[in-house]
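Down below is the structure, laid out as structure tokens.
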Number of protein chains: 2
Amino acid sequence: MSEEVFHPPVEELTLPKVLAALADPARLATVRTLARVGESACGQIQHDAGLQVSKSTMSHHLRILREAGITYSRVQGARRMLTLRREDLDARFPGLLDAILHSELAETG
Amino acid sequence: MSEEVFHPPVEELTLPKVLAALADPARLATVRTLARVGESACGQIQHDAGLQVSKSTMSHHLRILREAGITYSRVQGARRMLTLRREDLDARFPGLLDAILHSELAETG
DNA sequence: CGAACAGTACGATAATAGTCGAACTCGCCG
DNA sequence: CGGCGAGTTCGACTATTATCGTACTGTTCG
């Protein structure tokens, strides 16, 4: 009801899509940041994650995450507040998100 | 010593590369098959996984998996015998491989 | 030896993905 | 109202990826 953008239902999340969404350093950093700070807005996430990309590129990455079912976005005024869809991800791919969040040391190579 | 092809050392495995390698249905099927049957040769894996691609495409996918550090390949006669690098993956990304292998129901969407 | 088999390497092609800047929408506030 | 800030959308460009067929290397076996 209060949803203003598309989010795939939990039963439609697919492993290839989720993995593809996470297989990008910028998006991985985004997910880690979101896990750390909880709910946050696009620009704030970009800042907190230290991502040096253009606004449109950031928007693109956030769309990939959202359409893969990794993040949830609610509109609050002029902002989009994002959260991780932890429960949905855990329900569909148990242990996956935790494994990724706990592999912090291995992200850059 | 007996290695005849390149394998990245465990400390050089990176999460984006591993996730990218797994973010493909054909390669995911390959990994699941390898987890199920243990050691197997390229052609046999392709058959067991039910992959309908050309030989060169299969070879390409197997190279991606090997270079991401997901599989180990040893030469035995005319064949390459492949195994999952379970221990290395578990050491570097604890829980990741298990999470992926246990998500069998969610692969196709 | 020579044919069949296992797999790789190469080159081409088509599709996908990442990046940006500019233009746009919407809400907020002075 | 008018401008600013937050994001999205769009079009262009580039780079990467998936796929294939063909040619190749090396192995096994009749």
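Computed from heavy atoms alone, side chains included, the values below leave out hydrogens, waters and symmetry copies. Chain identifiers are assigned alphabetically (A, B, ...) following the order of the sequence lines, protein sequences preceding nucleic acid strands; residue numbering begins at 1 within each chain. On a predicted model such as this, the values are computed, not experimentally measured, just so you know.
- Between A:Arg66 atom CZ and D:dG7 atom P the separation is 13 Å, expressed in whole Å.
- Counting only N and O atoms by type, the side chains of A:Ser56 and A:Ser59 include no donor and acceptor under 3.5 Å apart.
- Look at CG on B:Leu51: it is 13 Å from P on D:dA18, rounded to the nearest Å.
- If you check every strand for non-hydrogen atoms under 4.0 Å, A:Ala26 touches nothing.
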> How would nucleotides 23-30 of chain D be written as a contact map, 5' to 3', with B for base contact, S for sugar-phosphate-only contact and - for no contact, using protein heavy atoms under 4.0 Å?
Replying inline: ----SS--
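- Under the side chain to side chain contact (heavy atoms under 4.5 Å, CB included) test applied with A:Thr71, the options A:Ile45, A:Leu89, A:Thr83, A:Leu84 reduce to a single match, A:Leu84.
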Nucleotide N/O to protein N/O under 3.5 Å, stretch nucleotides 15-18 of chain C:
unit_1, atom_1, unit_2, atom_2, d
C:dG18, OP1, A:Arg27, NH1, 3.3
C:dG18, OP1, A:Arg27, NH2, 2.9
C:dG18, OP2, A:Arg27, NH1, 3.3
C:dG18, OP2, A:His60, NE2, 3.3

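- Side-chain atoms of A:Ser56 and base atoms of C:dG21 include a donor and an acceptor less than 3.5 Å apart.
- If you take CG of A:Leu82 and C1' of D:dA6, they are 12 Å apart, rounded to a whole angstrom.
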> Would A:Lys17 and A:Glu67 satisfy salt bridge (charged side-chain N to carboxylate O under 4.0 Å, His left out), going step by step from the backbone distance to the final call?
Replying inline: CA-CA 9 Å; A:Lys17 271 211 158 197; A:Glu67 292 184 348; 5.5 Å; no
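- A heavy-atom distance below 4.5 Å is not found between the side chains of B:Gln44 and B:Arg79.
- Using a cut-off of 4.0 Å between Lys/Arg side-chain N and Asp/Glu carboxylate O, A:Arg92 and A:Glu11 are scored as not salt-bridged.
- Rounded to whole Å, atom P of D:dA18 lies 13 Å from atom CG of B:Leu62.
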